[in-house]
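Only one structure is covered here, and it is reproduced in the block below.
Chain naming here is simple, since letters A, B, ... match the order of the sequence lines and numbering starts at 1 in each. As a basis for the values below, the full set of heavy atoms in this structure was taken, side chains included, without hydrogen atoms, waters or symmetry mates.
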2 protein chains.
Amino acid sequence: MFFWAIFDESSLKELFMTPRILDIKTQVERENTLLDCAHAFIQRESIAALTIDKLVKELPFSKGTIYNHFNSKEDILLGLCNRGMSILAELFNRARQFDGLPREQGLAIHFAYMLYAKLHPTLFMLVLTAKTSNITDKASASKQEEHLLLEGKLIGPIVSIFQESLDRNEISPPMPMTLEQLAFACWSLSFGTNALLLQNIEHCGTRSNLVVERELINNVNLLFDGFQFQPLTNDFDWTNTISRLKSITFCKEIDNLKSRGHILAI
Amino acid sequence: MFFWAIFDESSLKELFMTPRILDIKTQVERENTLLDCAHAFIQRESIAALTIDKLVKELPFSKGTIYNHFNSKEDILLGLCNRGMSILAELFNRARQFDGLPREQGLAIHFAYMLYAKLHPTLFMLVLTAKTSNITDKASASKQEEHLLLEGKLIGPIVSIFQESLDRNEISPPMPMTLEQLAFACWSLSFGTNALLLQNIEHCGTRSNLVVERELINNVNLLFDGFQFQPLTNDFDWTNTISRLKSITFCKEIDNLKSRGHILAI
DNA sequence: ACCTGAACACCGTTCAAGT
DNA sequence: ACCTGAACACCGTTCAAGT
């Protein structure tokens with residue numbers, strides 16, 4: 001029995017072209033299902049092991065349909081990367097609202113970045129992957145736009161903290177530096193620390209005694225002291241700041257880490 | 001006319017099993033030819049575009065023979081990565097021998113790393129790629145051994161500088177730090193700065209005013225000041241150090257950069 | 001109109017056949 | 001013994017056929 005035998009062309013056209021109210025909602029839902037699935041997969045296996053064929057086996061729709069939502073595998077990865085950056089942006093905003101001195105908020109930002117890297121290692125790594133391979137080239141224009149927008153949302157709170165500390169005369173680097181340069185110095189240090197320490201440490205004999213949370217806090221304090229960011233490391237009780245970050249600002253994230261068996265070394 | 005018709009089995013065996021003196025030399029030569037070729041290719045195109053088929057088209061031997069020298073594509077990439085690390089280790093040794101204070105030598109190390117990243121961007125990126133994808137897993141045991149050995153050779157001069165500055169009482173971080181932690185703080189900052197700034201900057205609106213050589217020197221000075229590494233940024237004529245690095249220690253590398261149209265902003 | 005999965009072009013790796 | 005390239009299994013992407 002054939003479909004075409006039941007309907008004539010005009011009624012078919014009517015059936016198919018009838019605008020369905022649920023369509024847009026379904027579209028978004030499907031995109032999320034796919035990203036959820038891809039995220040779970042690369043968390044379980046690895047980015048390298050991700051395959052469209054393997055992905056489609058776990059999805060309620062077919063291979064062809066994937067390409068109605070994402071124009072390439074790289075588009076999926078950038079979509080996932082952007083999702084991670086949204087999460088990170090929310091953490092940065094909370095850090096910016098920490099009730100305390102600008103330097104405490106600056107520490108909070110780095111603390112947030114480290115928590116993010118520990119909570120979502122695969123999403124953190126995805127930014128790295130996006131930088132090394134030419135993911136951004138193959139991805140869709142819309143995803144690339146979103147990516148740039150999110151980069152701005154991440155830089156925002158950092159620049160704003162430095163602006164405030166300059167206004168309050170609480171920072172005076174040994175050489176003239178723009179807000180952008182100050183923010184960039186922080187970003188490089190944090191990025192480098194997380195990237196180098198997040199990798200499978202067991203392989204690397206030389207880094208065996210390093211714990212990311214301790215090194216991160218140390219490195220940030222060193223850099224901030226270099227900025228002459230007041231109050232200096234030894235002129236303030238930073239353990240209180242960190243315990244408030246742990247018990248109040250990021251308590252949900254800390255609980256999440258604990259439930260997965262990770263205990264912070266600080 | 002068949003080969004087998006001319007020789008009987010024993011004379012064939014004799015012909016083939018005769019130890020050829022050139023064999024080992026040819027083996028090494030072929031490996032180098034392949035690595036040269038792969039290097040040129042990813043410099044011209046990209047790591048992602050590298051294909052065994054494309055590679056073999058430019059080589060004087062066939063696809064199967066490649067697998068007599070390298071057990072996988074990842075093995076080739078790790079081989080190339082190791083080659084880069086050898087070059088870098090040589091630069092670090094020269095930096096360590098810079099005639100000056102430990103802090104000057106520390107600056108020289110970072111300067112060397114930046115020069116390396118600028119001179120061999122694809123080799124620098126290969127370390128990043130090796131870290132993100134599981135290249136190290138698929139590569140041969142011998143290449144992995146070599147990789148760890150080279151990591152040690154890179155850390156060596158850095159640790160040695162810090163040991164000397166501790167002996168001379170020229171360093172006193174605001175918190176207790178091991179030699180390993182000191183070296184790691186430097187590595188993270190340098191790695192992060194190079195990695196973030198080496199990427200195609202035109203894409204990224206927020207980083208448009210940043211020049212890697214200037215930011216690198218700034219960031220290192222900030223971190224060293226955080227270490228209380230004597231003499232501090234504003235207590236010494238560092239421009240003299242940098243001009244000696246440019247005109248003496250790394251003059252060959254600077255010339256090389258110039259010949260390619262790169263002019264350092266410092 | 002939308003979904004499907006066979007089909008396609010291309011990839012890394014192997015191995016029987018040639019020398 | 002060593003080299004070769006056809007053959008294989010698998011990949012991302014497309015598109016004719018089905019509904």
Whole angstrom is fine here: how far is it from [atom1] in [X] over to [atom2] in [N]?
X	N	atom1	atom2	answer
Asn68(A)	dT4(C)	CG	C1'	11 Å
Asp75(B)	dG12(C)	CG	P	14 Å
Lys57(A)	dC11(D)	NZ	C1'	13 Å
Ile66(A)	dT4(C)	CD1	C1'	12 Å
Ile52(A)	dA7(C)	CD1	P	20 Å
Asp53(A)	dC11(D)	CG	P	6 Å
Gln27(B)	dA1(D)	CD	P	14 Å
Tyr67(A)	dG5(C)	OH	C1'	13 Å

Of the options dT14(C), dT4(D), dC11(C), whose atoms approach the side-chain atoms of Phe61(B) most closely? dT4(D)
Strictly below 4.0 Å, N to O, side chains only: are Glu58(A) and Arg44(A) in salt-bridge contact? yes
To the nearest 0.5 Å, what is the distance between CG (Asn134(B)) and CD (Glu45(A))? 11.0 Å
Base, sugar-phosphate, or nothing for [X], non-hydrogen atoms under 4.0 angstrom?
X	answer
Ile76(B)	nothing
Ser62(B)	base
Lys63(A)	base
Thr65(B)	base

Closest-nucleotide ordering on DNA chain D, the 5'-leading residue of Gly64(A) and Leu50(A): Leu50(A)
Donor-acceptor pair, Ser133(B) side chain versus Ala130(B) backbone, under 3.5 Å? no
Return the nucleotide paired to dA16(D): Watson-Crick means purine N1 to pyrimidine N3 with N6-O4 or O6-N4, wobble means G-U with N1-O2 and O6-N3, both under 3.5 Å. dT4(C)
dC10(D) pairs with, by Watson-Crick or G-U criteria that keep both distances under 3.5 Å: none
Under a 3.5 Å threshold, yes or no: a donor from one side chain and an acceptor from the other, between Asn71(A) and Ser140(A)? no
Can you tell which of Arg94(B), Lys118(B), Lys258(B) makes a side chain to side chain donor-acceptor pair (under 3.5 Å) with Glu253(B)? Arg94(B)
